[in-house]
Protein chains: 2
Amino acid sequence: MENMNIKKLAKELNLSVSTVSKALHDSYEIKAETKEKVLALAKQLNYQPNPFASSLRRNSSKTIAVVIPEIAHNFFSLVINGIESIAEELKYHVLIYITHEIPEKEEQIIRHLLNGRVDGILISSSGTSNNNAHYHELIQKGIPFVFFDRANFDVDAPRVTTDDYQAGFQATEHLIKSQCKHFAFLSLSNQMSAINHRKDGFLAALNQYQIKPSHVHIIEAGTDETLSFQIIRDSLQPLPESLGIFSSVEKLAIQTYHICKEINIRIPKQLKIISFSNLPTAALLNPALSTLTQPAFSIGKEAALLLFQNIKNKGKIQPITTLPNVVLKSTIFIRESTKI
Amino acid sequence: MENMNIKKLAKELNLSVSTVSKALHDSYEIKAETKEKVLALAKQLNYQPNPFASSLRRNSSKTIAVVIPEIAHNFFSLVINGIESIAEELKYHVLIYITHEIPEKEEQIIRHLLNGRVDGILISSSGTSNNNAHYHELIQKGIPFVFFDRANFDVDAPRVTTDDYQAGFQATEHLIKSQCKHFAFLSLSNQMSAINHRKDGFLAALNQYQIKPSHVHIIEAGTDETLSFQIIRDSLQPLPESLGIFSSVEKLAIQTYHICKEINIRIPKQLKIISFSNLPTAALLNPALSTLTQPAFSIGKEAALLLFQNIKNKGKIQPITTLPNVVLKSTIFIRESTKI
DNA sequence: TTTAATTACGAAATCGTTTTCGTACTCTTC
DNA sequence: GAAGAGTACGAAAACGATTTCGTAATTAAA
């Protein structure tokens with residue numbers, strides 16, 4: 001009795017294995033009476049089909065993978081929440097892989113997933129734009145995947161992103177109208193789509209308002225915690241007059257806050273800052289942080305929906321439509337950190 | 001050429017399937033020369049074994065599950081980070097399941113995992129103490145699992161927790177010494193081990209310092225966001241004199257901050273607060289929040305290590321030792337929110 | 001020289017499902 | 001009443017790996 005399986009179940013019922021299997025799948029070949037008997041005994045003996053046998057035979061795993069740069073990050077955990085809400089509904093399982101912002105790690109993970117362990121993948125890329133080989137291998141293998149937030153625009157795959165350019169423009173415009181004279185853009189790297197779009201919006205706004213290029217600073221802080229701390233601190237000493245910072249990610253804004261506390265820079269008096277962020281404490285910070293907030297949960301949901309749609313359509317002739325490219329809106333919250 | 005498998009690989013090599021399989025597993029039965037040939041062609045043709053066939057035959061999945069109450073929570077995402085660091089090293093895969101604090105959901109998830117999809121489970125329980133049936137089914141099925149943070153102490157399973165009692169005592173003592181007169185404990189529910197231990201420490205400290213019971217308030221705010229907001233707000237109106245709040249979880253402390261902002265209660269002047277928290281912004285809040293910080297990453301690591309140890313020892317005779325029960329230390333950070 | 005051990009491989013069973021195909025049997029229909 | 005359609009089930013092949021067992025060929029031991 002150690003482990004229940006369909007063979008024992010069939011024997012117990014005096015039926016063949018195939019009949020039992022069909023009954024469990026509610027096949028039209030099996031009459032109602034038999035189905036009931038099978039279902040009843042299956043429940044009583046607590047029979048649960050072996051997922052691997054099933055996956056092996058059906059060539060589908062009821063599992064998706066989520067590949068993200070980091071998890072201890074409000075944005076990504078909210079996205080996972082959204083993904084899980086859909087996956088749970090569709091009885092899919094969710095595998096998590098973390099790249100720690102290392103492109104090679106991402107490649108390795110994706111390559112590993114070529115073995116069919118998952119039916120589809122949701123990716124927020126940490127890859128550089130010049131390395132698409134692993135994505136193309138996915139396409140070749142017919143494994144559906146969807147980018148969210150950070151996409152690789154050279155790859156032919158659905159994307160769920162936010163209006164990064166517009167948001168970047170809007171944030172920068174806000175800084176300009178808050179009487180900033182110098183402007184800094186805090187970035188992790190110049191290889192990430194979402195961040196670059198934010199930067200483009202930033203530059204476009206500065207251009208439109210005819211800000212002198214000498215007053216524009218792009219600070220690539222990188223993904224290393226201690227290093228980025230130093231880079232930001234160095235860039236604040238000496239402090240440019242009326243500096244307005246647009247931080248492309250929450251982490252760098254938090255670091256900036258710490259640095260300002262450390263070297264006694266007053267926000268918003270000496271320095272104004274607005275940041276992309278999903279911090280639940282943004283309004284409680286000292287001073288309250290102005291933010292651009294992405295609809296993280298919805299991003300997860302939309303990306304998952306798109307993925308499942310692609311999984312379902314796999315093999316079928318794809319309608320020659322444009323590539324799904326969902327763009328959601330971010331919300332701007334003006335708070336004290338950018339007050340005049 | 002669609003999908004590479006061991007059969008095609010064997011044919012290509014003019015070897016039998018079994019020889020190839022053994023070569024790939026570096027069996028002593030196969031001579032070095034053959035192994036090299038096999039490995040070389042496997043790499044060249046990008047052969048990756050089908051994980052389901054492998055799992056089916058070996059009866060092991062190289063996968064663990066993490067079952068948590070919620071994910072958009074600094075503590076849990078840091079724990080997952082720790083878990084992933086170990087899993088990644090051991091080439092295990094990590095499935096995430098979220099219970100949303102619903103005990104029935106947890107049961108359902110655990111029961112589902114009885115089908116052998118995972119080799120082991122890490123659980124932070126959202127269950128009530130009077131419902132252990134699903135854990136016992138895991139034990140019966142021989143599926144190893146480890147509790148972390150929130151354990152069910154009636155169940156015979158390894159645990160990784162923190163020194164919640166001591167930390168609770170210490171935090172409360174700090175509030176007492178900060179000249180508070182009234183004391184409130186903010187709790188999610190009275191069914192969670194970790195939280196109850198914190199409460200016990202709280203009560204013990206108040207008792208030791210002979211605080212009048214009428215000055216002691218236990219506020220069970222529950223897990224529903226809007227409801228808990230109301231409960232906390234109501235309990236602050238009217239505001240007891242010199243109230244010191246010990247919040248057992250970060251979320252409730254944040255809510256308290258929001259409420260205080262809304263109804264104009266000054267922290268720490270009118271109300272002092274200390275909270276369990278892994279907020280990276282605790283020091284940046286207005287005012288900076290005194291915290292008890294759990295070593296979340298280490299909790300994840302330790303729990304994973306314990307689990308993998310149990311997975312490895314499965315089937316072997318268990319040494320009659322005491323149940324592994326790792327207890328890690330939290331760190332107290334005194335900040336402005338409890339300043340005299 | 002004979003026997004035993006070792007080396008290096010292959011055939012086939014196995015894991016637990018799903019699915020295809022075959023087949024009795026009953027029921028229509030003209 | 002013969003042919004066709006429909007019903008309800010079972011046998012067996014498949015999915016792709018791992019593993020047991022068997023066995024030639026070679027080497028070592030007696």
Would A:His112 and B:His93 count as a close aromatic pair, with their ring centres under 6.0 Å? yes

Would you mind reading off the distance between [X] atom [atom1] and [N] atom [atom2], rounded to a whole angstrom?
X       : N      : atom1 : atom2 : value
B:Arg57 : D:dA17 : CZ    : P     : 14 Å
B:Met4  : D:dA17 : CE    : C1'   : 14 Å
B:Lys62 : D:dA17 : NZ    : P     : 17 Å
A:Asn59 : D:dA13 : CG    : P     : 21 Å
A:Glu33 : D:dT7  : CD    : P     : 16 Å
B:Phe52 : C:dT17 : CZ    : C1'   : 13 Å
B:Glu29 : D:dT23 : CD    : P     : 15 Å
A:Leu56 : D:dT18 : CG    : P     : 12 Å

[X] vs [N]: side-chain N/O to OP1/OP2 distance below 4.0 Å:
X       : N      : result
B:Tyr47 : D:dG16 : no
B:Ser54 : D:dA17 : no
A:Thr19 : D:dG10 : yes

Ignoring hydrogens and angles, answer whether the base of D:dA11 and the side-chain atoms of A:Ser18 contain a donor-acceptor pair closer than 3.5 Å. yes

Does the C:dG10 base have a donor-acceptor partner in the side chain of B:Lys22 within less than 3.5 Å? yes

Side chain of [X], heavy atoms from C-beta onward: which of [options] has the nearest atom to it?
X       : options                : value
A:Ser21 : C:dC9, C:dT18, C:dG16  : C:dT18
B:Lys31 : D:dT18, D:dG10, C:dC9  : C:dC9
A:His25 : D:dG10, D:dA17, C:dT18 : C:dT18
B:Ile6  : D:dT19, C:dT17, D:dA17 : D:dA17

Using the closest heavy atom to pick a nucleotide of DNA chain D for each, name whichever of A:Leu15 or B:Asn50 lands nearer the 5' end. A:Leu15

Using a 4.0 Å heavy-atom cut-off across all strands, classify B:Thr34 as base, sugar-phosphate, or nothing. sugar-phosphate

Please walk me through it: do B:Ile6 and B:Ser21 pass side-chain contact (heavy atoms from CB on, under 4.5 Å)? CA-CA 7 Å; B:Ile6 203 173; B:Ser21 175; 3.7 Å; yes

5'-most by nearest nucleotide on DNA chain C - B:Ile30 or B:Arg58: B:Ile30

